[in-house]
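Working notes, beginning with the structure itself.
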Amino acid sequence: MPAPTPSRPQRVTVLGSTGSIGTSTLDVIGRHPERFEVFALTAFSRVEELLAQCLRFRPRYAVIEARYAPTLRQGLQQHGLPTEVLSGEQALCDVAADADVDAVMAAIVGAAGLPPCLSAARAGKKLLLANKEALVVGGDFFMDTVRRGGATLLPIDSEHSAVFQSLPDDPATWAARVDKIILTASGGPFRQRDPQTLAEVTPEQACAHPNWVMGRKISVDSATMMNKALEVIEAKYLFGVAPEQIEVVIHPQSVVHSMVQYRDRSVVAQLGTPDMRVPIAYGLSWPDRMDSGAQALDFLALGGLTFEPPTPERFPGLFLAWEALQAPAGTTAVLNAANEVAVAAFLAGQLRFDRIPALNRATLEACPPSKPDGLEALVDLDRSARAWAEAQVRRWS
């Protein structure tokens with residue numbers, strides 16, 4: 001990875017710059033112009049938002065889906081901005097691996113973020129991973145690529161960032177010192193709702209998270225707690241622990257972001273306000289720390305911190321994580337593919353909310369994987385699982 005010098009700011013590529021993580025990343029970068037400059041921004045279809053970001057941060061490249069490229073290019077030309085507009089998966093990989101890039105914020109939602117993440121890893125970048133699905137799909141192959149490329153992998157999910165901050169500095173000591181990792185979950189908007197009424201849930205209700213401001217897909221995942229299932233899988237690969245060493249507790253206040261219990265039974269936790277700029281600022285500045293723009297935690301204003309167990313009756317999707325991790329390699333990729341199809345179908349009004357975990361389980365049972373040995377095999381596995389899940393949605397409609 002090119003080493004930033006005091007005379008040159010870090011050059012950052014933001015993959016998924018118009019989403020909630022991307023905009024928070026740019027907010028943090030904008031607070032520290034002396035430390036960072038934007039090399040490339042990418043989006044799928046939000047032309048106006050991407051244009052506005054380009055006008056402010058003046059990146060060398062902007063990547064957008066091909067059908068929107070002419071509109072973006074015209075807007076940039078009208079403002080006299082030399083930003084070059086690119087399109088396609090290869091363009092995403094190129095701006096993630098460019099020799100002039102120091103850090104890559106990986107915030108593309110879903111399995112689509114895997115190829116550029118792998119490119120950044122192969123190129124030895126500082127890879128800020130907000131795209132949990134890339135690791136859920138890639139698994140050991142992804143982690144091997146990080147090691148071979150000499151990349152620095154830093155988790156941006158608030159829970160995994162909290163765990164990372166609570167662990168010893170030397171990863172070689174983790175296995176001997178750590179008893180378990182405890183991931184916290186807010187419980188989402190339906191934590192106290194009667195499970196028998198979940199069939200009536202609308203997309204608007206599912207996307208109304210009580211604590212966090214997030215995109216629609218991850219908001220639905222939070223409501224089903226499939227986001228936590230994916231985070232359990234991510235934690236296994238990130239921190240090299242056994243599945244049985246990962247625990248999930250519901251913490252409605254979203255103040256304790258996650259914890260590490262050590263062999264001596266002491267617990268180290270990271271606390272803060274529910275603001276994604278905190279883990280983003282930590283990842284960008286690591287191993288230093290800098291102002292994130294988030295509000296400081298006021299302990300005197302806290303009404304109390306509570307914890308409760310998740311139950312299979314209310315959150316059946318969560319418990320698929322441990323089943324998938326005990327199954328053959330590639331099963332986690334099948335689970336992620338099924339969930340992406342299920343959430344998209346729910347948001348489109350084609351699948352009931354309570355059938356999301358049912359579709360995920362059915363797909364796992366119908367699509368036993370063979371061990372994927374590379375990106376092409378992972379893509380094929382993802383594609384076949386999606387096809388089966390989409391066909392099942394049509395059968396259930």
Side-chain angles (χ1 to χ4, degrees), residues 109-112 132-133 136-137 139 183 185-209 214-234 236 243 246 248 250 308-369 381-397:
V109 175
K132 64 175 69 67
E133 294 91 347
V136 170
V137 174
L183 302 177
S186 69
F190 308 131
R191 179 175 64 89
Q192 296 180 312
R193 180 163 173 158
D194 182 352
Q196 301 302 316
T197 69
L198 293 178
E200 306 163 6
V201 167
T202 67
E204 290 69 27
Q205 292 171 330
C207 291
H209 195 281
M214 304 181 294
R216 286 169 68 79
K217 195 268 181 183
I218 193 172
S219 294
V220 175
D221 282 346
S222 180
T224 62
M225 278 188 70
M226 269 304 301
N227 72 319
K228 209 55 53 177
L230 300 179
E231 288 169 13
V232 167
I233 296 167
E234 185 180 7
K236 185 268 185 190
I246 306 170
V248 172
I250 293 178
E308 58 196 58
T311 63
E313 295 76 22
R314 190 178 299 279
F315 300 113
L318 168 64
F319 297 88
L320 294 175
W322 289 274
E323 294 183 32
L325 286 171
Q326 299 290 355
T331 302
T332 57
V334 172
L335 177 60
N336 179 75
N339 186 62
E340 289 191 21
V341 169
V343 172
F346 166 68
L347 290 172
Q350 299 167 347
L351 187 71
R352 286 190 344 223
F353 178 83
D354 63 328
R355 284 197 157 182
I356 293 175
L359 181 64
N360 293 344
R361 175 174 289 284
T363 307
L364 284 178
E365 294 172 351
C367 302
L381 181 59
D382 176 83
R383 185 183 300 115
S384 62
R386 286 174 189 274
W388 191 92
E390 288 166 353
Q392 189 67 18
V393 169
R394 291 191 292 272
R395 286 191 287 269
W396 286 0
S397 296

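Since this is a predicted model, take the numbers as computed values, not measurements. Below, each value reflects all heavy atoms present in this structure, side chains not excepted, and no hydrogens, waters or symmetry copies. Each residue takes its place number in the sequence, starting with 1.
Side-chain contact check for Arg191 versus Ile250: some heavy-atom pair is nearer than 4.5 Å. Side-chain contact between Glu231 and Ile246 is absent, with no heavy-atom pair separated by less than 4.5 Å. Contact annotation: the side chain of Cys367 never approaches that of Ser384 to less than 4.5 Å [non-hydrogen atoms, C-beta and beyond].
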Quiz prompt | Check against side-chain contact (heavy atoms from CB on, under 4.5 Å), Val343 and Met226 | solution = CA-CA 10 Å; Val343 172; Met226 269 304 301; over 6 Å; no

Self-check item: Arg216 and Leu347: CA distance, side-chain angles, deciding distance, side-chain contact (heavy atoms from CB on, under 4.5 Å) verdict
Solution: CA-CA 8 Å; Arg216 286 169 68 79; Leu347 290 172; 3.5 Å; yes

Quiz item: Should Glu200 and Gln205 be marked as a side-chain contact (heavy atoms from CB on, under 4.5 Å) after you check the CA-CA gap, both sets of side-chain angles, and the distance that decides it?
Solution: CA-CA 10 Å; Glu200 306 163 6; Gln205 292 171 330; over 6 Å; no

Exercise. Show your reasoning for whether side-chain contact (heavy atoms from CB on, under 4.5 Å) applies to Ile218 and Lys132.
Key: CA-CA 11 Å; Ile218 193 172; Lys132 64 175 69 67; 3.7 Å; yes

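In this structure a side-chain-to-backbone donor-acceptor pair under 3.5 Å is present from Trp322 to Pro243. Although no hydrogens or angles enter the test, the distance criterion places a donor-acceptor pair under 3.5 Å between the side chain of Ser397 and the main chain of Val393. Using modelled atom types, one side-chain atom of Glu340 and one backbone atom of Ala111 make a donor-acceptor pair closer than 3.5 Å.
Summarising the geometry of Met225 relative to Gly187, their closest heavy-atom pair is SD-CA, 4.4 Å, with the distance given to 0.1 Å. Gly330 and Leu381 get closest at one heavy-atom pair: O-CD2, 3.3 Å. When all heavy atoms are compared, the tightest approach of Val201 to Phe190 is CG1-CZ, 3.4 Å. When every heavy atom of Arg386 is checked against every heavy atom of Asp382, the shortest pair comes out as NE-OD2, 2.7 Å. Ala321 approaches Ala229 most closely through the heavy-atom pair CB-O, 3.3 Å. Nearest approach of Ala185 to Val248, heavy atoms of both residues: CB-CG1, 4.3 Å.
Here the straight-line distance linking atom OG1 of Thr332 with atom CD of Glu234 works out to 11.5 Å at 0.5 Å rounding. To the nearest 0.5 Å, atoms OG1 (Thr311) and CZ (Phe319) are separated by 6.5 Å. A distance of 11.5 Å separates OG1 in Thr224 from CG in Asp354, rounded to the nearest 0.5 Å. Atoms CD and CZ, on Glu390 and Arg395 in that order, are 11.5 Å from each other to the nearest 0.5 Å. Here the CZ-CG distance, from Phe346 to Asn339, works out to 12.0 Å after rounding to the nearest 0.5 Å. Thr363 OG1 to Trp388 CH2: the interatomic distance, rounded to the nearest 0.5 Å, is 5.0 Å.
Under the side chain to side chain contact (heavy atoms under 4.5 Å, CB included) rule, Val136 has a single partner from Asn336, Leu335, Val232, which is Asn336.
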